[in-house]
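As a basis for the values below, the full set of heavy atoms in this structure was taken, side chains included, without hydrogen atoms, waters or symmetry mates. Ligands are counted one by one from 1 in listed order, and the atoms in each one are counted from 1 as well.
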Amino acid sequence: MKNVFNFSAGPAMLPAAVMAQAQQEFINWRDSGCSVMEVSHRGADFIEIAAQAEQDLRDLMNVPENFKVLFLQGGGRGQFAAVPLNISTQDDTSLHLVSGSWSKGAVAEAAKYNNAKVIGEVTEHNGFQYMAKPAAADIDQSAAYLHFCPNETVDGIAFDWLPEAGDVPLVADMSSNILSRPVDVSKYGIIYAGAQKNIGPSGLSVVIVREDLVGKARQSTPSIFDYELMAKNDSMYNTPPTFSWYLAGLVFKWLKAQGGVEAMASLNQHKADTLYKAIDESSFYRNNVHPENRSIMNVPFHLADPALDKVFLEKSKEAGLLALKGHRSVGGMRASIYNAMSIDGVEALVSFMKDFEEKHA
Ligand SMILES: *Cc1c(COP(=O)(O)O)cnc(C)c1O
């Protein structure tokens, strides 16, 4: 098999050790003669790994007792609808920070179900994209919740401050940075993530929701999105995405073996620093995000001469560096360097970029 480094934004690479284990168990899981995807979700074996996955995630993120952890379907976008349906009425206001395209998408979806109001947006700051923290006075205390995305996958814009929202529950879309660094879960109302960036296969969404926000779903909420119904049924009101759940469990075990989220955070910072340094030291490449808002998971960059984009992508692919094309809305390149990407991958990319610059500058 070809040795490659896969920089896909999502679905993204998974840890090689996890993929090897899944392969080994694929057709004979726990010596049952069956695949994990061929057995009942109600069977003792599956229930055990499902519960273990939840416990491992709780351990990794230090999830307090008064939070439910749900394994649902519908990815990240499913929660764009599930959140307003579960914790707001038609007449409620939801507040939104728009730091990039995903949080913008969340506003549009919420607007179908409540009065969605944008209270902060990315601005241009000396040619850099900057996300300012909203003033506490701008946060309407009667709002049902405040939604934001701390890591914008497409735009490479991130922030690690929390809005000072008082009693207004904070709802964070952590699809592309969950488990990449420690977070204090107790400060949030809801954290959700589509799995395909940092957890496992697409389709699954992990939802961590504070108990007092469970049980408020409006009557019209689809049952499979109803947090209370799902929590009561251990996320098995309908058939869960069993294979994705199993694989997520393997990833959680792998993360624990790596030293957990703290260890990942320092490795992730090191990877990101290595790549941004290479970009900043060259006039051939540039990144337009304010240094305070640079994502350590998704690193977009442009070539000074966009006419070279095509050849950059061809040559990088030949060199085994895959999926570097930027999102169509941003253009240029993007390297997604989630937990599963090794420092070796980042170093290989940096070295390729230097060679490419020497040949084409
Ligand atoms: C990928 C992504 C989504 C969308 O996830 P789907 O599973 O495709 O619905 C939402 N938010 C963020 C931040 C993402 O990175």
- Message: Quick test: of every protein heavy atom, which one is nearest to atom 11 (N) of ligand 1, and how far off is it to 0.1 Å?
- Response: D173 OD2, 2.6 Å

- For ligand 1, is there an atom lying under 4.0 Å from some heavy atom of Q196? yes

- For ligand 1, is there an atom lying under 4.0 Å from some heavy atom of S202? no

- Message: For a 4.5 angstrom cut-off between non-hydrogen side-chain atoms, does H96 reach I119?
- Response: no

- re atom 9 (O) of ligand 1, the protein heavy-atom contact at minimum distance is R77 N, 2.7 Å

- Kindly confirm or rule out an N or O of T153 lying under 3.5 angstrom from an N or O of ligand 1. yes

- Message: Does only the side chain of K197 get under 4.0 Å from ligand 1, or the backbone, or both, or neither? Count heavy atoms.
- Response: side chain

- Donor-acceptor pair between S103 and E152 side chains, under 3.5 angstrom: yes

- Quick note on ligand 1: atoms under 4.0 Å from a heavy atom of C149 include exactly 13 (C)

- Query: Relative to the heavy atoms of G76, which atoms of ligand 1 are at a distance of less than 4.0 Å?
  - Reply: 5 (O), 6 (P), 7 (O), 9 (O)

- Using the test ring pair (Phe, Tyr, Trp, His ring centres under 6.0 Å), find all partners of F252 that sit at least two apart in sequence or belong to another chain. none

- F5 and F7 aromatic ring geometry - parallel, tilted or perpendicular at 30°/60° bounds: tilted

- For ligand 1, which atoms have a heavy atom of G75 less than 4.0 angstrom away? 7 (O), 9 (O)

- Message: Measuring centre to centre across the rings, with the benzene-like ring taken for any Trp, is Y237 within less than 6.0 Å of F225?
- Response: no

- Message: Could you check whether any side-chain heavy atom of R334 comes within less than 4.5 Å of a side-chain heavy atom of N298, counting everything from C-beta outward?
- Response: yes

- Query: Who pairs with L162 by side-chain contact (heavy atoms from CB on, under 4.5 Å), at least two apart in sequence or on another chain?
  - Reply: F148, L170, K187, Y188

